[in-house]
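None of these values were measured; they are calculated from a predicted model. Per chain, numbering begins at 1; letters A, B, ... match sequence-line order.
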Amino acid sequence: MRSRFVRQLSRLNKELIEMGALCELAIKTVSEALTNRDFELAETLYAIDEEIDQKERDIEALSLKLLLRQQPVAGDLRQISAALKMITDLERIGDQAEDIAEIIVHLTDKDDDLESELSGMANATMKMVTDSVDAYVKRDPELARAVMAADDVVDNYFSNIKKDLIDAIASDPESGEYALDILMIAKYYERIGDHAVNVAEWVVFSITGIHRTTEYEESMSE
Amino acid sequence: MNASDNHNNETIISTKDLCVWYDDFQALIDVSMEIPEKSITALIGPSGCGKSTFLRTLNRMNDLIDCAKTTGNVYYRGQDIFQSSMEVSELRRHIGMVFQKPNPFPMSVYDNIAYGPRTHGIKSRAKLDDIVERSLRNAAIWEEVRDKLRQNALGLSGGQQQRLCIARALAVQPDVLLMDEPTSALDPISTTKIEELILQLKENYTIIIVTHNMQQALRISDGTAFFLLGDLIEYGSTDVIFSTPSDKRTEDYITGRFG
């Protein structure tokens, strides 16, 4: 009786893994395009984002069909509702990678120190996204919690880059436009990290039934 | 076990270490459970898990089965129902029952409802008229049968017959209604009507319902108890049981992994 449902659930998982992989690809591509000032590569982000959007619609349709037809409860219900929440964040990650690509095309200057910092930040956020989707697939709440903790690393990158940019503007006011562009890019990476944290929170919910926000509210009301 | 995290109503029925045997077969094993009044409690579990036995024990319907033997306690409003001082017909007046298949008596709609009150000694025509109308109204079937009170109840539709049976149970002014899969023989519209009725009845009655329909348990019950092989595995608020059950066997059953 369940075998069909189990097949549909594994299809849902497969689609989510693919959407996660597309998000990783988006970050990796945009980071490479930035490092090498490869405008053509940056242009490919539009197509990747389009694919991510399509995946979101597919997963949404499949989830709604499963809710309607199988009327899932308990762990099954959590898995499907978590998927519905996760795809919203994954879709935003795709948008933000695309936003970065739009900036790259207009960049004029290049500061190697700053950009190596930025590339480190890109790697850190990419790992968060990879791990959050991995945690869902492996049903590993510890890995999901590690993603939440890793957000501090990304936030640190952001404040360091911000400090460096303030210094750069002070010593060379002409570099203001470039500095602002880099700040925007860093901010987008920082937001991608936040979305990965959201995904990780839903992963923990789908496994344990407890979402971090309710944990927090309960600890406040005690 | 109790489902008190769901509501704070007083306990109306409780069992302690309740065991029931049919000859050598043990159908219930040390079931201890507290049921709050004016609430709907769903009993779920695969066939043969003991949920119907549990239901039937609560108003001593199991006394009617020769080979059944019971140990442990069942308290109704604090009183042990197995005590010799307990009048069984009085107990069943307080704790009524509705069965899976509608079972109206082969007599008129009116006489079906008046049957119970008459056996309890009510003779006045005016009083009986009053009871019949009130019971039928409370069972949400008055408008449909008010012009058919003298017709044979067996001529009603299945859904109407089941509401008639609920009206018949209400006629003796019970406290608790035990329902054994009351909608499993009905179409979706009749089922919806009965479910709405059950929700209304909660205002004044305590309802304990055996159901194989998980969605029904979810739609109407406040508390859910999961039985397996005679054991009460998990009992708690319906929201919790169906979203984050604590026992893996509960999760496996409600998600259809067995049963």
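- A:Lys127 NZ: 12 or fewer foreign heavy atoms inside a 6.0 Å radius.
- Environment of CG in B:Leu229: sparse, with no more than 12 heavy atoms of neighbouring residues, nucleotides or ligands closer than 6.0 Å.
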Which donor-acceptor pairs under 3.5 Å do the side chains of residues 57-67 of chain A make with protein atoms, sequence neighbours left out?
residue : atom : partner : partner atom : Å
A:Arg57 : NH2  : A:Gln54 : OE1          : 2.9
A:Asp58 : OD1  : A:Gln54 : NE2          : 3.0
A:Ser63 : OG   : A:Ile59 : O            : 2.8

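- In this structure, the side-chain hydrogen bond (donor to acceptor under 3.5 Å, both in side chains) partners of B:Asp247, at least two apart in sequence or on a different chain, are B:Arg249.
- A pairwise comparison of heavy atoms in B:Arg257 and A:Asp76 identifies NH2-OD1, 3.8 Å as the closest pair.
- The local environment of CZ in B:Arg77 is crowded, with over 12 non-hydrogen atoms from other residues, nucleotides or ligands closer than 6.0 Å.
- Taking both residues in full, the closest heavy atoms of A:Val73 and B:Thr255 are given as O-CG2, 3.5 Å, listed atom of the first, atom of the second, then distance.
- In this structure, A:Gly75 and B:Glu251 approach most closely via the heavy-atom pair N-OE2, 2.8 Å.
- The environment of CD in B:Glu143 is crowded: more than 12 heavy-atom neighbours from other residues, nucleotides or ligands sit within 6.0 Å.
- Within 6.0 Å of atom CZ in B:Arg137, more than 12 heavy atoms from other residues, nucleotides or ligands are found, so the atom counts as buried in its surroundings.
- For residues 185-206 of chain B, an interface with chain A (any heavy-atom pair closer than 4.5 Å) does not exist.
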Cut-off 3.5 Å, no hydrogens considered: what does the side-chain donor-acceptor table look like for residues 29-36 of chain A, sequence neighbours left out?
residue : atom : partner : partner atom : Å
A:Thr29 : OG1  : A:Leu25 : O            : 2.5
A:Thr35 : OG1  : A:Ser31 : O            : 2.8
A:Asn36 : ND2  : A:Glu32 : O            : 3.4

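- Here the side chain of B:Gln215 pairs a donor or acceptor atom with the backbone of A:Gln71 at under 3.5 angstrom.
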